[in-house]
Amino acid sequence: MAFHFHSHSHFLLFFFLTAGLALLFPSTAEPHLTENYYEKTCPKFNDIVQQVVTDKQIATPTTAAAVLRLFFHDCVLEGCDASLLIASNSFNKAERDHDTNLNIPGDGFDTIARIKTSLELQCPGVVSCADIISAAARNLVNMVGGPHYRVSFGRKDGLVSRADRVDGHYAKTNMTISEIINLFASKNLSVQDMVVLSGAHTIGFSHCKEFSNRIFNFSKTSDIDPTLNANFAKGLKNLCANYTSNPGMSAFNDVMTPGKFDNMYFRNLQRGLGLLSTDQALMADERTKPLVDLYASNEQKFFEDFAQSMIKVSLMNVKTGKHGEVRRRCDSFNNLKT
């Protein structure tokens with residue numbers, strides 16, 4: 001995935017207009033999100049989130065990437081409403097059991113469940129799973145070296161989670177850059193959003209099957225993808241030699257600084273060290289290459305733009321008021337759907 005998570009000004013205009021309408025018509029409009037939403041109802045909200053993600057990240061260093069991927073995959077389908085956390089039952093196959101989402105590491109789901117358990121002991125029935133995902137993603141990005149950014153709260157948890165709605169919402173590794181740009185545009189995300197969010201691949205890993213076509217039988221004339229650094233390709237071939245019999249084999253998305261959130265992902269692309277074909281393709285397209293070069297040379301600019309795009313994603317199709325609920329457990333609706 002390139003991300004497996006219209007202009008920014010239009011988005012901000014829409015957001016401020018809708019926020020303004022809520023003030024003008026308070027009796028009919030839904031409440032908008034605020035940073036201090038839980039200040040009175042669950043004052044230890046931030047402290048609990050931080051404590052749980054810190055413990056989890058120290059114990060399992062791949063947690064940050066897992067939660068970040070879960071955040072993206074949740075928000076681009078049905079909006080940021082924790083629909084991805086719902087477990088399937090005999091009446092419904094849920095989002096998380098679609099093939100596209102099976103690669104999201106279990107540590108992402110476990111982190112959110114742990115936070116929810118702690119919060120339910122402190123302030124039962126108050127904090128939504130959707131808000132937990134946004135808070136945990138922000139804290140973990142910051143914890144591994146990335147930017148800190150403001151997150152607003154007040155999301156409700158969604159009431160729908162269906163695997164048969166998943167297709168067509170996520171970028172795949174065999175897509176062209178034009179197809180991915182169009183997919184992001186359908187979510188009101190720009191080319192810049194797409195490139196900067198791809199930078200999340202500065203942490204985490206991908207399974208060999210996601211890039212095996214680049215290192216085995218690439219074409220009739222070349223066994224490996226010629227855009228791959230030759231030594232890197234050789235190392236990947238050795239690593240993934242038995243991937244068909246051991247599908248769990250994987251490689252770091254950022255071979256240089258795999259556990260640190262930095263701009264190394266973009267610097268790697270300049271050297272042919274992009275792992276996925278959709279990563280490396282960002283260097284070959286005139287619409288995306290200037291942004292890759294910008295972020296490779298200016299980490300501060302990458303951090304600033306990444307923070308803005310994360311805020312933008314975190315506000316996608318948010319449910320408030322009667323359009324959602326606060327789940328008692330993140331993996332099930334409060335009322336069983338049959």
Quiz item: Hey, does the side chain of E210 reach the backbone of H207 with a donor-acceptor pair shorter than 3.5 angstrom?
Solution: yes
Exercise. Classify the ring geometry between F261 and F303 as parallel (under 30°), tilted (30 to 60°) or perpendicular (over 60°).
Key: tilted
Quiz item: Do E95 and S83 get their side chains close enough for a donor-acceptor pair, meaning under 3.5 Å?
Solution: yes
Quiz item: How about R328: does its CZ atom have over 12 heavy atoms from other parts shown lying under 6.0 Å from it?
Solution: no
Self-check item: Option among D285, L269, N268, D279 that satisfies the side-chain contact (heavy atoms from CB on, under 4.5 Å) test with V292
Solution: L269
Practice problem: Say whether, by atom type as modelled, one donor and one acceptor occur between the side chain of S161 and the main chain of L84 under 3.5 angstrom. | Solution: no
Quiz item: Is any side-chain heavy atom of I86 closer than 4.5 Å to a side-chain heavy atom of R327?
Solution: yes
Quiz item: Can M316 be reached from I112 by stepping across I, L, V, M, F, W or Y side chains whose heavy atoms are under 4.5 Å apart?
Solution: yes
Quiz item: Does the side chain of F71 reach to within under 4.5 Å of the side chain of S314, using non-hydrogen atoms?
Solution: yes
Exercise. Answer yes when D223 and K237 have at least one side-chain N-carboxylate O distance shorter than 4.0 Å, and no when they do not.
Key: yes
Practice problem: Verify, without hydrogens or angle tests, whether S297 (side chain) and L294 (backbone) share a donor-acceptor contact under 3.5 angstrom. | Solution: yes
Exercise. Examine the side chains of Q122 and S118 and answer whether a donor and an acceptor come within less than 3.5 Å of each other.
Key: no
Quiz prompt | Short side-chain to backbone donor-acceptor contact, Q280 and L275, under 3.5 Å | solution = no
Practice problem: Kindly indicate, with the supporting measurements, whether the criterion side chain to side chain contact (heavy atoms under 4.5 Å, CB included) is fulfilled by L33 and L315. | Solution: CA-CA 9 Å; L33 309 188; L315 297 172; 3.7 Å; yes
Exercise. Flag the pair T173 / F211 as yes when at least one side-chain heavy-atom distance between them is below 4.5 Å, and no otherwise.
Key: no
Exercise. Starting at CD1 of I104, measure out to CG of L70 and round the result to the nearest 0.5 Å.
Key: 5.5 Å
Practice problem: Check whether any side-chain heavy atom of N213 lies under 4.5 Å from a side-chain heavy atom of D225, and answer yes or no. | Solution: no
Quiz item: Cut-off 3.5 Å, side chains only: do T221 and S219 have a donor facing an acceptor?
Solution: yes
Quiz item: Quick one: does S277's side chain get under 4.5 Å of N174's, heavy atoms only?
Solution: no
Self-check item: From T111 atom OG1 to I133 atom CD1, the distance as rounded to the nearest 0.5 Å
Solution: 11.0 Å
Practice problem: Check the angle between the aromatic planes of F216 and Y243 and answer parallel, tilted or perpendicular using the 30° and 60° thresholds. | Solution: parallel
Practice problem: Please answer: with hydrophobic residues joined when any side-chain heavy atoms are less than 4.5 Å apart, are F232 and F218 in the same cluster? | Solution: no
Quiz item: Has the side chain of D254 got a donor or acceptor atom that lies under 3.5 Å from a matching backbone atom of T257?
Solution: yes
Quiz item: Just checking, any donor-acceptor pair under 3.5 angstrom between side chains of Q51 and D55?
Solution: yes
Quiz item: Just checking, is any N or O donor in the side chain of D193 or S309 under 3.5 Å from an acceptor N or O on the other one?
Solution: yes
Practice problem: With rounding to the nearest 0.5 Å, note down the distance linking CD1 in I180 to CD1 in I177. | Solution: 4.5 Å
Quiz item: Is it true that I181 and M175 fall in one hydrophobic cluster, defined by side-chain heavy atoms closer than 4.5 Å?
Solution: yes
Self-check item: Side-chain heavy atoms of T100 within contact of H169, under 4.5 Å
Solution: no
Quiz item: Looking at R162, K156, R165, K187, which hits salt bridge (charged side-chain N to carboxylate O under 4.0 Å, His left out) with E78?
Solution: R165
Quiz item: Sub-3.5 Å donor-acceptor pair from the side chain of D157 to the main-chain atoms of C129, do we have one?
Solution: yes
Quiz item: Distance only, no hydrogens: is a donor on one side chain within 3.5 Å (strictly under) of an acceptor on the other, for R287 and S178?
Solution: yes
Quiz item: Would you say the side-chain atoms of D131 pair up with the backbone N or O of R155, donor to acceptor, closer than 3.5 Å?
Solution: yes
Quiz item: Quick check, are the ring centers of F153 and F45 under 6.0 angstrom apart?
Solution: yes
Quiz item: Can you check whether C80's main-chain N or O pairs, donor with acceptor, with D74's side chain at less than 3.5 Å?
Solution: no
Practice problem: Show your working on side chain to side chain contact (heavy atoms under 4.5 Å, CB included) between Q270 and M283 and close with a plain yes or no. | Solution: CA-CA 7 Å; Q270 294 177 321; M283 272 301 288; 4.1 Å; yes
Quiz item: Out of curiosity, does Y149 fall in the hydrophobic cluster containing I132 (side-chain heavy atoms, cut-off under 4.5 Å, transitive links)?
Solution: yes
Quiz item: Please walk me through it: do S206 and N253 pass side-chain hydrogen bond (donor to acceptor under 3.5 Å, both in side chains)?
Solution: CA-CA 6 Å; S206 295; N253 292 324; 2.6 Å; yes
Quiz item: Are the side chain of E120 and the backbone of P124 linked by a donor-acceptor contact shorter than 3.5 Å?
Solution: no
Quiz prompt | Working for side chain to side chain contact (heavy atoms under 4.5 Å, CB included), residues M310 and L68 | solution = CA-CA 10 Å; M310 285 291 285; L68 189 52; 3.5 Å; yes
Quiz item: Counting distance only, does the side-chain N/O of T202 pair as donor-acceptor with the main-chain N or O of K260 below 3.5 Å?
Solution: yes
